Amino acid sequence: MNFLLALHITAGSLAIVSGFIAIFAVKGARMHRQSGKIFLYSMLALGITGAVIAAIRSQPANVVGGSLAAYMVGSGVLTLRRREQAFYWVDAAAMALALVIGYFSLTIGLRVLHSASGTSDGVPPAPLFVFAGVTLLAALGDLRMILVRGLQGRQRLVRHLWRMSFSLFIATGSFFIGQAKVIPKPIRIFPVLITLAVLPLLLLIYWVVRVLFTKWYPRRATDFVQPMPIRRSA
């Protein structure tokens, strides 16, 4: 248990630092790619260890948070991979996982809402409902990937950006808000902590708007988005 907790804390620290570097770095540049790799593995470790620790401690809300973090970062990275025929089974598995996470988040939220305490290990129902909505929205995105046989262009990049940014938000929110008590009092300035916690969401909106509604994407897309192979009919 101590090893899992140490790994969880280390992974969380690396995820937050590398995530902010990746999100501010020039997209497609070496720093963006390298920090993105660190962020991927750190978030997977953070999410998996967090879910396992929460399961051991009987904290269902945190199981949802850890599972969602791992799902988001994993599916976000896979969005930019080259896609072969067998790859769509991965999309189907991701959609199934998202539906399971969304279902449990919703049911736990409803249970907490009608409980006497109104919280589950300090977690109110509102975040659980938000997680449920986001996860079900992501599952619809996975279904779209399956139906259209993969996204192209701006839509492909937006899927990558919002999933990676939301996974970073789970990490920052869990630390700067959920674990604020471990931050030394002299620097425990709550407006600053809240700003750091929600900054990934603000950057998510910024990047989605920039990709969809400006000329930035055509200038930068070839630097970091691998073209999807064109299937020729027999």
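Heads up: numbering here begins at 1 and tracks the sequence. Fair warning: this is a prediction, and the values are worked out from it, not measured in the lab.
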For this session: Please indicate whether Phe104 has more than 12 foreign heavy atoms, meaning atoms of other residues, nucleotides or ligands, lying under 6.0 Å from its CZ.
Result: no
Seminar exercise, completed: For Phe39 and Ser167, the nearest pair of non-hydrogen atoms, with its separation, is CZ-OG, 3.4 Å
Exercise. When rounded to the nearest 0.5 angstrom, what is the spacing between OG in Ser67 and CG in Leu97?
Worked result: 7.0 Å
Exercise. Are Leu14 and Tyr41 side-chain neighbours, meaning at least one heavy-atom pair lies under 4.5 Å?
Worked result: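 No, their side chains stay 4.5 Å or more apart.
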Exercise. Under the side chain to side chain donor-acceptor pair (under 3.5 Å) criterion, do Thr79 and His160 qualify, and how do the steps go?
Worked result: CA-CA 6 Å; Thr79 299; His160 169 75; 5.5 Å; no
For this session: Heavy atoms only: give me the nearest Ala197-Thr172 pair and the separation to one decimal.
Result: O-OG1, 2.8 Å
Exercise. Applying the 4.5 Å side-chain criterion to the ILVMFWY set and letting contacts propagate, would Leu201 and Ile23 be lumped into a single cluster?
Worked result: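 Leu201 and Ile23: one cluster.
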For this session: Measure the CD1-CG distance between Ile16 and Leu196 for me, rounded to the nearest 0.5 Å.
Result: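 Between Ile16 CD1 and Leu196 CG, I get 9.0 Å after rounding to 0.5 Å.
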Exercise. With a 4.5 Å limit on heavy-atom distance, are the side chains of Arg188 and Leu193 in contact?
Worked result: yes
Exercise. Does the side-chain contact (heavy atoms from CB on, under 4.5 Å) test come out yes or no for Val77 and Met164, once each step is laid out?
Worked result: CA-CA 8 Å; Val77 168; Met164 300 297 280; 3.6 Å; yes
Exercise. Looking at Leu46 and Ala171, what are the two nearest heavy atoms and their distance?
Worked result: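 Scanning both residues, the minimum pair turns out to be CD2-CB, 3.9 Å.
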Exercise. Which atoms form the tightest heavy-atom contact between Met95 and Ile146, and what is the distance?
Worked result: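 Here Met95 and Ile146 meet closest at CE-CD1, 4.4 Å.
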Exercise. Should Ser18 and Lys37 be marked as a side-chain contact (heavy atoms from CB on, under 4.5 Å) after you check the CA-CA gap, both sets of side-chain angles, and the distance that decides it?
Worked result: CA-CA 9 Å; Ser18 60; Lys37 289 179 182 179; over 6 Å; no
Exercise. Between CD1 of Ile183 and CZ of Phe190, what distance do you get to the nearest 0.5 Å?
Worked result: 8.0 Å
For this session: Would you check if Ile170 and Phe166 make a side-chain contact, meaning some heavy-atom pair closer than 4.5 Å?
Result: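 Result yes, sub-4.5 Å side-chain heavy-atom pair found.
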Seminar exercise, completed: Shortest non-hydrogen pair, Leu99 vs Ala139, comes out as CD2-CB, 3.8 Å
Problem set entry | Lys/Arg N to Asp/Glu carboxylate O, Arg144 vs Asp91, below 4.0 Å | no
For this session: Decide yes or no for Arg163 and Val73: does some side-chain heavy atom of the first lie under 4.5 Å from some side-chain heavy atom of the second?
Result: no
Problem set entry | ILVMFWY network linking Val63 to Leu106, side-chain heavy atoms under 4.5 angstrom |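 Each belongs to a different hydrophobic cluster.
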Exercise. Would you say Arg154 and Arg156 make side-chain contact, with heavy atoms under 4.5 Å?
Worked result: no
Exercise. Going through the distances and angles, do Val198 and Phe176 end up as a side-chain contact (heavy atoms from CB on, under 4.5 Å)?
Worked result: CA-CA 9 Å; Val198 302; Phe176 292 114; over 6 Å; no
Exercise. Does some side-chain heavy atom of Thr135 sit less than 4.5 Å from a side-chain heavy atom of Met72?
Worked result: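 Side chain of Met72 against side chain of Thr135, heavy atoms only: no contact under 4.5 Å found.
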Problem set entry | Check against side-chain contact (heavy atoms from CB on, under 4.5 Å), Val112 and Val123 | CA-CA 9 Å; Val112 172; Val123 179; over 6 Å; no
For this session: First locate atom CD of Gln59, then atom CD1 of Ile53, and finally report the distance between them rounded to the nearest 0.5 Å.
Result: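 Separation between the atoms: 9.0 Å.
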For this session: Provide the closest heavy-atom pair for Pro60 versus Ile108 in the form atom of the first, atom of the second, distance.
Result: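 Taking Pro60 first and Ile108 second, the nearest heavy atoms are CB-CD1, 3.5 Å.
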Exercise. Should Met31 and Val17 be regarded as members of a common hydrophobic cluster, given that ILVMFWY residues are connected when their side-chain heavy atoms come within less than 4.5 Å of each other, either directly or indirectly?
Worked result: yes
Exercise. Do the non-hydrogen side-chain atoms of Ile101 and Tyr71 ever get within less than 4.5 Å of each other?
Worked result: yes
Exercise. Do the side chain of Ser165 and the main chain of Trp162 share a donor and acceptor less than 3.5 angstrom apart?
Worked result: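 Looks like no, no N/O pair under 3.5 Å.
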Problem set entry | Spatial distance of atom CG (Leu110) from atom OG (Ser115) [nearest 0.5 Å] |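 So the CG of Leu110 and the OG of Ser115 are separated by 11.0 Å.
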Problem set entry | Validation row: Val100, Tyr103 side chains within 4.5 angstrom (heavy atoms) |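 Not in contact.
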For this session: Output the distance between atom CG (Leu168) and atom CG (Leu203), rounded to the nearest 0.5 Å.
Result: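 Those atoms lie 8.5 Å apart.
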For this session: Indicate, with yes or no, if Leu147 and Leu78 share a hydrophobic cluster defined by side-chain heavy-atom contacts under 4.5 Å among Ile, Leu, Val, Met, Phe, Trp and Tyr.
Result: no
Exercise. Among the clusters formed by ILVMFWY side chains lying less than 4.5 Å apart, do Phe213 and Trp207 turn up in the same one?
Worked result: yes
